[in-house]
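The structure under discussion appears below in the form of structure tokens.
In what follows, every chain begins at residue 1, and chains take the letters A, B, ... in the order their sequences are listed.
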There are 2 protein chains.
Amino acid sequence: MTDTAPGTATTSRRYGTRPTMKDVAARAGVGLKTVSRVVNGEPGVTPDTERRVKEAITALGFRRNDSARILRKGRTASIGLVLEDLADPFYGPLSRAVEEVARAHGALLINGSSAEDPEREQELVLALCARRVDGLVVIPAGRDHRYLAPEIAAGVATVFVDRPAGRIDADAVLSDSFGGARDGVAHLIAHGHRRIGFLGDQPGIHTAEERLRGYRTAMAEAGLPVDDAWVSLGPTDPERVRAAAIEMLDAPEPVTALFAGNNRVTVTVVRVLAGRPRPVALVGFDDFELADLLSPGITVIAQDSAQLGRTAADLLFRRLDGAGGEPRRVVLPTRLIARGSGELTPAP
Amino acid sequence: MTDTAPGTATTSRRYGTRPTMKDVAARAGVGLKTVSRVVNGEPGVTPDTERRVKEAITALGFRRNDSARILRKGRTASIGLVLEDLADPFYGPLSRAVEEVARAHGALLINGSSAEDPEREQELVLALCARRVDGLVVIPAGRDHRYLAPEIAAGVATVFVDRPAGRIDADAVLSDSFGGARDGVAHLIAHGHRRIGFLGDQPGIHTAEERLRGYRTAMAEAGLPVDDAWVSLGPTDPERVRAAAIEMLDAPEPVTALFAGNNRVTVTVVRVLAGRPRPVALVGFDDFELADLLSPGITVIAQDSAQLGRTAADLLFRRLDGAGGEPRRVVLPTRLIARGSGELTPAP
DNA sequence: CCTGCCGCTGACAACGTTGTCCAGGGGCTA
DNA sequence: TAGCCCCTGGACAACGTTGTCAGCGGCAGG
């Protein structure tokens, strides 16, 4: 309490009056630029002078002010990462991969969550642009990214991940949602299922729509009809998903298998099924930890989220290094991992 | 390819030649400061002038350069978060909580992973200080944070989370590792176990030592001896943990229960136990998703990592708002969640 | 009608760094 | 010994923004 008595009578800023290069120069008895040279390891400084400067730096506790440096140099050596939810395990490996690549290029990572709110996404992205990040990796929440066009034109390299940009043409790195879902549903069909439910994310989200398309395609390819009651799209909060699943399972002609559109849905469905006597087959999009230890193990369509992040960041830095050309769309394959839950056969 | 022909003959910077307030002022036919006023919503501008300025802003695609703003104002409105691994599910809710608080205070989050490497931690922290973040939330990897003393003295508010700072006195927000471990081990003892193994993180890590101390205390309170072979500390990679667990379980006098020192250890132990015929009791530190759906459900000592992050960030911003006083140490309680694996009784 | 005040606007300096350019001195060569 | 060159060091401007301050014009009151 005592050490923060407000209004000390000095005219100095009450806080953060840090030493500058000027102070270091004065103390070392050299010119400003000489300090700059030492700090940046530039050549052309006598060992003796260098020593004096370094002593002054330690004595004063000097630390270069990167804001000034950035202002002068134009590049911030930082990239922005906008994702949906920092706490979603799907984004953990992705973030880390982006960070690794950024680190390898000497860049820091500024990130934030959009919470699936397009407005918040835009707000965040523009704040990052105001910070003059060199580039952006965005997992889009909104469907219209025209607001980014001037930024991209001004040189902010931008790569979209997991979902493509809306209404602008931009680099994107995606998983093969369509193919993955088709494979998963085909897998269920191959094990004898004819009535298969699809529980997905909100319509309007690209991955949700692609996965639904994969489901419909697999069903059509097998010549199976799709009852409207078997498809449920919407928010992935447990309550809604639980209700939707139960409705399909308790219908007069119940589904015998479920396809879950993403990891959160899968987990909720697992909880629902755990409470029911009759086994129901399940395939989920996205792998998750411990999926193999449940009984039965959960069969999933795995996407490599770290690879997604790495690919996106690599592409970003290639752009920053001057790689030109048309916006690219990279689609990474998915992989079906059979663990038991997808191999259950329908009750006779 | 064609649009990046190098060396265009103009003298302009090849990239990022963004319009400035000066450009906007020229286009709108007003002074520089007037533009600044409009951009920052300051009063004292005629509606008509404001309209002209806003038109010029949209026409030119102007976006304020926050680097210059930061340089001028001294505050960056950003905080740094240094954690061990962005991909560890334990840190997801923590990061998100920190981000939420930061957002509520209008600050951005810059973060990075130390990968448990003290050198990398220091490098990252100092880079953040060079960026002049207003504050730092650090999950320390190293044991000596004296390098931070000048920064803290210079006004960088710093809060340590999960583990305290080493060799400096600083704010810290911790979970009750000692009490949690003692409770967990006592729980096993209460269910009849006498030979209990402890699988922990590296010695030197504060939480690892506190949890071990909790284990020893619980054993001592029950008057039980502790065989050296029952305690294994070290890196938490699955191979080492697996080997250590198997050694304890296959000893001539095998342990009948295990206490796992953190979530990664717990998961590895679950995998080990899944392959063995005889049931072994298990209590793990940290809760994790699906712990309840395994059979048996995994009994855990839960710590609220979101609360940890929220508390730390709140404390940080209180410091930034001028709250003084001695460095504080906040310890949050843990909670034992019984799910079955801790309630198994030893084979007769 | 004159004076004084207020509301709006703009000129200017400063934030801390880096790039450019020039000066001075010492060593080497002719 | 003189001249030249290179090596080291420093003065200065510029990056884009904001805070300070002063000027200008209009309006109200005396």
Side-chain angles (χ1 to χ4, degrees), chain A residues 11-13 15-54 56-57 60-77 127 129-132 154-155, chain B residues 11-53 56-57 60-77 127 129-132 154-155:
Chain A
T11 60
S12 69
R13 263 156 283 128
Y15 209 32
T17 313
R18 304 195 63 143
T20 71
M21 285 193 177
K22 205 193 261 182
D23 301 319
V24 175
R27 174 156 184 141
V30 300
L32 193 54
K33 181 63 203 192
T34 302
V35 178
S36 171
R37 275 193 269 261
V38 172
V39 169
N40 294 295
E42 290 171 25
V45 181
T46 317
D48 181 60
T49 311
E50 183 174 339
R51 193 186 43 72
R52 285 216 316 285
V53 171
K54 284 192 167 162
I57 287 176
L60 295 173
F62 167 80
R63 179 103 38 221
R64 180 178 65 197
N65 184 329
D66 273 353
S67 294
R69 174 170 225 254
I70 286 166
L71 175 59
R72 185 61 230 255
K73 303 199 71 139
R75 284 301 184 90
T76 58
C129 288
R131 292 288 172 117
R132 295 292 188 270
Chain B
T11 60
S12 69
R13 265 155 281 128
R14 52 179 270 267
Y15 210 30
T17 314
R18 303 195 60 144
T20 72
M21 284 193 177
K22 205 194 260 182
D23 301 319
V24 175
R27 172 154 182 143
V30 301
L32 193 52
K33 181 64 204 195
T34 301
V35 177
S36 171
R37 274 192 269 261
V38 171
V39 169
N40 294 295
E42 291 169 24
V45 180
T46 316
D48 182 59
T49 312
E50 183 175 339
R51 192 185 45 73
R52 283 216 317 285
V53 171
I57 288 176
L60 295 173
F62 167 80
R63 179 102 38 219
R64 180 178 65 196
N65 184 330
D66 272 353
S67 294
R69 173 170 224 254
I70 286 165
L71 175 60
R72 185 63 230 258
K73 303 199 72 138
R75 283 303 184 87
T76 58
C129 289
R131 292 289 173 115
R132 295 292 189 271

Return yes if the base of C/dG16 and the side-chain atoms of A/R72 contain a donor-acceptor N/O pair under 3.5 Å, otherwise no.
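Such a pair does not exist between side chain and base.
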
Within this structure, what is the [atom1]-to-[atom2] distance between [X] and [N], rounded to whole angstrom?
X: A/I70; N: C/dG16; atom1: CD1; atom2: P; answer: 15 Å
X: A/R51; N: D/dG9; atom1: CZ; atom2: C1'; answer: 17 Å
X: B/E42; N: D/dT20; atom1: CD; atom2: P; answer: 11 Å
X: A/R69; N: C/dT17; atom1: CZ; atom2: C1'; answer: 9 Å
X: A/K22; N: D/dG9; atom1: NZ; atom2: P; answer: 21 Å
X: A/M21; N: D/dA13; atom1: CE; atom2: P; answer: 19 Å
X: A/N65; N: C/dG16; atom1: CG; atom2: C1'; answer: 6 Å

Between [X] and [N], is there a side-chain N or O to OP1/OP2 distance below 4.0 Å?
X: A/T46; N: D/dT8; answer: no
X: A/K33; N: C/dT20; answer: no
X: B/S67; N: D/dT17; answer: no

On DNA chain C, check which nucleotide each of B/R132 and B/T49 is closest to and give me the residue with the more 5' one.
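Closest to the 5' end, via its nearest nucleotide, is B/T49.
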
Need to verify one output field. Residue with the more 5' nearest nucleotide on DNA chain C, B/V45 or A/A68?
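Its nucleotide being nearer the 5' end, the pick is B/V45.
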
